[in-house]
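A quick write-up on the structure given underneath.
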Amino acid sequence: MSKLRVAVLGAKGRIGSEAVRAVEAADDMELVAALGRGDSLDALTESGAQVVVELTTPDSVMDNLDHCVRHGIHAVVGTTGWTDERLARLRARLDASPATGVLIAPNFSIGAVLTMRFAQLAAPYFESVEVVELHHPDKVDAPSGTATRTAQLIAAARADAGCAPQPDATATALDGARGANVDGVPVHAVRLRGLLAHQEVMLGGEGETLTLRHDSLHHRSFMPGILLGCRRVVSTPGLTFGLEHFLDLG
Ligand SMILES: NC(=O)C1=CN([C@@H]2O[C@H](COP(=O)(O)OP(=O)(O)OC[C@H]3O[C@@H](n4cnc5c(N)ncnc54)[C@H](OP(=O)(O)O)[C@@H]3O)[C@@H](O)[C@H]2O)C=CC1
Ligand SMILES: O=C(O)C1=N[C@H](C(=O)O)C[C@H](O)C1
């Protein structure tokens, strides 16, 4: 069977360099291009890439995806910074290239995906819920894509269940003291040398609390999800948001 031809964008970055190693080590894949900032995207078509793994920066990702979709190259995207406007622009591009698939995964690690699912399940049963994400201090965006997505999923689950808004008697506060408000869920971002990528979802009810915590301790934690994404995206046209859609979570 022929190998899947995979290119990595952001190949010198923290996660991109790990993705290069993972693709090289995968028996069913061939690394055909490893590009950094300033490299010509023409290398993607010249190398015959079928899938691009996009791990760059929020300011680069849209142009890179425009190029991929225009050339019918599937994409697996870990880069953050997704807004409704950006997603709408990408969907419009995909409408014009209906055979092309794009997976955007706020987090590729199985533990983080499960934490999001458990948080969705638990959120309607507790009066209060807050998200704390903790990352290395070289991260350029806050809150993390994972925390934003987690809060959105929690808020949707609570709205579906008809939950009341969370109690919060705060009358005076320093800017930022209560975190960012994502659909009514407070999200707090910590940046600390020594950390990589961590998240806690804290839920509270009368006389009890539940804490869901996930820790990515190495960039290897994201690799099985990236490789799965590459294998699945080639037969999944259109936009898929979240790795959970490629997992059998029931
Ligand atoms: N979904 C997930 O599971 C994960 C997602 N991420 C996300 O992935 C992204 C990258 O994170 P991280 O590796 O830590 O960041 P880094 O800054 O270490 O890596 C980004 C790399 O992309 C390069 N780059 C920037 N623009 C372009 C471009 N146009 N073409 C090619 N390369 C480009 C940068 O080059 P230069 O340094 O010259 O700017 C840099 O080498 C972030 O958005 C992060 O949040 C990270 C981990 C897991
Ligand atoms: O920048 C990182 O490191 C990470 N970014 C992603 C995010 O913003 O959620 C995924 C993971 O948290 C690591």
Side-chain angles (χ1 to χ4, degrees), residues 58 61-62 77-91 103-137 139-192 195-216 225 239-245 247 249-250:
V61 64
M62 287 310 294
V77 184
T79 305
T80 44
W82 291 99
T83 60
D84 289 345
E85 293 71 29
R86 283 177 163 224
L87 290 172
R89 176 174 146 189
L90 178 58
R91 282 198 181 91
L103 166 69
I104 299 174
N107 202 302
F108 286 111
S109 92
I110 182 69
V113 173
L114 288 173
T115 305
M116 287 188 253
R117 175 59 62 92
F118 297 155
Q120 257 179 300
L121 191 65
Y125 295 98
F126 291 84
E127 214 180 331
S128 305
V129 52
E130 306 215 1
V131 178
V132 185
E133 57 95 331
L134 310 90
H135 280 82
H136 59 87
K139 184 168 176 56
V140 296
D141 56 315
S144 69
T146 307
T148 303
R149 184 66 181 152
T150 305
Q152 289 167 341
L153 292 171
I154 288 168
R158 290 171 69 86
D160 285 351
C163 295
Q166 304 201 45
D168 183 355
T170 307
T172 62
L174 289 180
D175 277 355
R178 294 289 294 118
N181 180 331
V182 179
D183 296 350
V185 178
V187 179
H188 310 270
V190 175
R191 296 292 173 264
L192 200 71
L195 296 181
L196 199 157
H198 317 258
Q199 177 164 289
E200 286 192 2
V201 180
M202 304 169 71
L203 304 115
E206 201 61 47
E208 63 174 333
T209 65
L210 170 67
T211 303
L212 305 170
R213 181 172 172 115
H214 175 256
D215 299 278
S216 266
L239 178 61
T240 302
F241 196 91
L243 186 69
E244 62 274 18
H245 299 291
L247 298 168
L249 296 183

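Excluded from the calculations below are hydrogen atoms, water molecules and symmetry mates; all remaining heavy atoms, backbone and side chain alike, are included. Owing to the predicted nature of the structure, the values given are computational and were not obtained by experimental measurement.
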- [ ] List the steps and the verdict of side chain to side chain contact (heavy atoms under 4.5 Å, CB included) for V131 and V185.
- [x] CA-CA 7 Å; V131 178; V185 178; 4.1 Å; yes

TODO: Would you sort out whether M202 and V132 count as a side chain to side chain contact (heavy atoms under 4.5 Å, CB included), showing the intermediate values?
DONE: CA-CA 8 Å; M202 304 169 71; V132 185; 4.0 Å; yes

TODO: Carefully, step by step, assess L192 and L134 under the rule side chain to side chain contact (heavy atoms under 4.5 Å, CB included).
DONE: CA-CA 7 Å; L192 200 71; L134 310 90; over 6 Å; no

Open item on the list: Assess the residue pair M62 and R86 against the criterion (side chain to side chain contact (heavy atoms under 4.5 Å, CB included)); give the C-alpha distance rounded to whole Å, side-chain angles, the decisive distance to 0.1 Å, and a yes or no.
Closed with: CA-CA 8 Å; M62 287 310 294; R86 283 177 163 224; 3.9 Å; yes

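Looking at R149 and F241, their side chains come closer than 4.5 Å, going by heavy atoms from C-beta outward. At a threshold of 4.5 Å between non-hydrogen side-chain atoms, the residues L103 and V77 do not count as touching. Put simply, the side chain of S128 does not reach to within 4.5 Å of the side chain of L203, judged on heavy atoms. Put simply, the side chain of T148 does not reach to within 4.5 Å of the side chain of V187, judged on heavy atoms. Looking at heavy atoms from C-beta onward, Q166 lies in side-chain contact with P186 at the 4.5 angstrom threshold.
For the atom pair OG1 of T240 and CD1 of I104, the computed distance is 9.5 Å after rounding to the nearest 0.5 Å. How far CD of E244 is from CG of N107: 10.5 Å, rounded to the nearest 0.5 Å. To the nearest 0.5 Å, atom OG of residue S216 and atom NE2 of residue H135 are 8.0 Å apart. For the atom pair CG (L243) and CG (L247), the distance works out to 4.5 Å, reported to the nearest 0.5 Å.
With N181 contributing its side chain and G184 its backbone, the two residues share a donor-acceptor pair below 3.5 Å. H198 places a side-chain N or O within 3.5 Å of a backbone atom of L196 that can act as its donor or acceptor partner. Put simply, the side chain of E200 never gets that close to the backbone of L212: no donor and acceptor are under 3.5 Å apart. Panel note: side chain E133, backbone Q199; no donor-acceptor pair is recorded below 3.5 Å.
The salt bridge (Lys or Arg N to Asp or Glu O under 4.0 Å) check on D160 picks up nothing, with sequence neighbours excluded. Qualifying side chain to side chain contact (heavy atoms under 4.5 Å, CB included) partners for A171, counting only residues two or more places apart in sequence or in other chains: none. Residues satisfying the salt bridge (Lys or Arg N to Asp or Glu O under 4.0 Å) criterion with D215, sequence neighbours excluded, are R213. By the salt bridge (Lys or Arg N to Asp or Glu O under 4.0 Å) test, R178 is found to be paired with E130, D168, residues two or more places apart in sequence or in another chain being considered. Among residues two or more places apart in sequence or in another chain, the side chain to side chain donor-acceptor pair (under 3.5 Å) test is passed with T79 by E54.
What you find for T150 and T146 is that their closest heavy atoms are OG1-O, 2.6 Å. When all heavy atoms are compared, the tightest approach of A189 to A142 is CB-CB, 4.1 Å. In this structure, L195 and H136 approach most closely via the heavy-atom pair O-CB, 3.2 Å. Between A147 and S144, the shortest heavy-atom contact is N-OG, 2.9 Å.
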Distance-only donor-acceptor hits, side chain of residues 112-126, under 3.5 Å, sequence neighbours excluded:
{"residue": "T115", "atom": "OG1", "partner": "G111", "partner atom": "O", "Å": "2.7"}

